[in-house]
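Beneath this line is the structure, given in structure tokens, with notes to follow.
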Amino acid sequence: MTKGRFITFEGPEGSGKTTQLKLLAERLRAEGCDVVETREPGGTVIGRQIREILLNPASTALRPTAELLLMFASRAQNVDEVILPALAAGKTVLCDRFTDSSLAYQGAGRGLGAEVVYDLDRIACRGLVPHLTLLIDVDVETGLARAIQTRMEQLPVTFHRTVRETFLQLAADDPSRIRIIDGHHDTSTISRQIWKVVSMLPE
Ligand code: TMP
């Protein structure tokens, strides 16, 4: 069903993954590749409305389970409206965050557990798993110093340490899908490392 390539970017706050996603999109387009860029939460009109609720520091009443369900509501919409149609048309989809973020932030950070995240993933993504995930790893202090203040970024440093450790554990558990890229280097060094990994992917 999925002819195209599905590549996700993950990382703690302030990892620089969004900049790297854009650079990769440019490079792929220069190589003649048909690329679709999307993000989570967001990526669709509905998703952007959900993102506003999730990231607005004023959403203080939002409970962890509601937060998780909203992440997956945005994802379900993005999968149906953008990602699956693009893959079916043979395009390369670059997505800024995906289910690994829910495992790190809600499953581990919020303490909801991995099982409920995998259950929702089955409903929202219906077996869609990234072909490649680029985990741009950066230490929590460096990342938070670079980040802007959303509701998630205001959470305690201990929360963000758990998030980073969970990403690294996910990469250790699935090294063929999740590739760790050192986010402490300068932008062009990082993008060269990413290109080395992406150019090895089968067409
Ligand atoms: P971004 O600004 O890096 O795109 O990320 C949005 C915020 O949402 C970031 O703090 C991580 C958080 N997030 C989750 O907590 N769970 C998720 O499933 C996703 C996709 C993002």
Side-chain angles (χ1 to χ4, degrees), residues 6-25 37-44 46-60 62-79 81-83 93-125 128-130 133-138 140-168 170 178 181 183 190:
F6 182 36
I7 302 174
T8 58
F9 282 70
E10 298 282 6
E13 305 300 329
S15 68
K17 63 183 170 41
T18 307
T19 304
Q20 291 299 331
L21 185 151
K22 296 210 173 313
L23 289 171
L24 178 61
E37 296 170 56
T38 188
R39 82 191 308 194
E40 299 210 344
T44 63
I46 299 289
R48 280 190 283 283
Q49 294 176 62
I50 297 171
R51 182 180 175 93
E52 165 60 22
I53 297 170
L54 281 163
L55 301 193
N56 191 338
S59 300
T60 49
L62 192 62
R63 295 295 192 266
T65 302
E67 178 180 290
L68 174 68
L69 291 169
L70 285 173
M71 293 292 176
F72 271 99
S74 172
R75 187 161 304 138
Q77 184 72 27
N78 201 10
V79 165
E81 190 182 323
V82 176
I83 302 175
V93 177
L94 306 184
C95 190
D96 193 339
R97 298 194 184 278
F98 202 64
T99 297
D100 294 310
S101 276
S102 302
L103 288 164
Y105 283 80
Q106 283 70 46
R110 296 292 194 199
L112 295 175
E115 263 328 294
V116 68
V117 179
Y118 285 122
D119 286 346
L120 291 170
D121 182 82
R122 270 190 289 278
I123 296 167
C125 309
L128 175 66
V129 178
T133 296
L134 297 155
L135 170 58
I136 319 291
D137 179 54
V138 76
V140 169
E141 285 74 16
T142 307
L144 286 177
R146 291 173 181 169
I148 45 152
Q149 286 290 297
T150 66
R151 194 177 61 88
M152 304 303 286
E153 285 154 0
Q154 289 173 347
L155 290 166
V157 170
T158 48
F159 177 94
H160 292 288
R161 288 219 172 87
T162 302
V163 166
R164 182 188 182 202
E165 279 156 23
T166 306
F167 276 133
L168 291 171
L170 289 167
I178 308 180
I181 306 286
I190 297 171

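We count ligands from 1, going down the list as the structure has it; atoms in each ligand are counted the same way. These values consider heavy atoms only, across backbone and side chains, with no hydrogens, waters or symmetry-generated copies.
Not a single ring-ring contact (aromatic ring centres under 6.0 Å, His included) links Phe167 to another residue, sequence neighbours left out.
Counting protein heavy atoms only, atom 13 (N) of ligand 1 is closest to Met71 CE, 3.5 Å. Atom 10 (O) of ligand 1 has Glu13 OE2, 2.7 Å as its closest protein atom, hydrogens excluded (heavy atom only). What sits closest to atom 2 (O) of ligand 1 on the protein, heavy atoms only, is Arg51 NH2, 3.1 Å. The protein atom (non-hydrogen) at minimum distance from atom 5 (O) of ligand 1 is Arg97 NE, 3.0 Å.
If you check each of Val163, Leu55, Asp96 against atom 6 (C) of ligand 1, the one with the closest non-hydrogen atom is Leu55.
A donor-acceptor pair under 3.5 Å is absent between the side-chain atoms of Ser74 and the main chain of Leu70, judged by distance alone. Panel note: side chain Ser59, backbone Ile53; a donor-acceptor pair is recorded below 3.5 Å.
In summary, the atoms of ligand 1 found under 4.0 Å from a heavy atom of Ser102, numbered by their order in the structure, are 17 (C), 18 (O).
For Gln106, every heavy-atom contact with ligand 1 shorter than 4.0 Å involves the side chain, none the backbone.
The one candidate from Thr133, Thr38, Thr99 that meets the side chain to side chain donor-acceptor pair (under 3.5 Å) condition with Thr8 is Thr133. A salt bridge (charged side-chain N to carboxylate O under 4.0 Å, His left out) with Asp96 is found for one member of Arg51, Arg39, Lys22, Lys17 and no other, namely Lys17.
With no hydrogens or angles considered, no side-chain donor-acceptor pair links Ser102 and Arg97 at under 3.5 Å. Under 3.5 Å, the side chains of Glu40 and Ser101 contain no donor-acceptor pair of N or O atoms.
Remark: distances from the non-hydrogen atoms of Lys17 to ligand 1 include one below 4.0 Å. Contact annotation: Arg151 has no heavy atom less than 4.0 Å from any atom of ligand 1.
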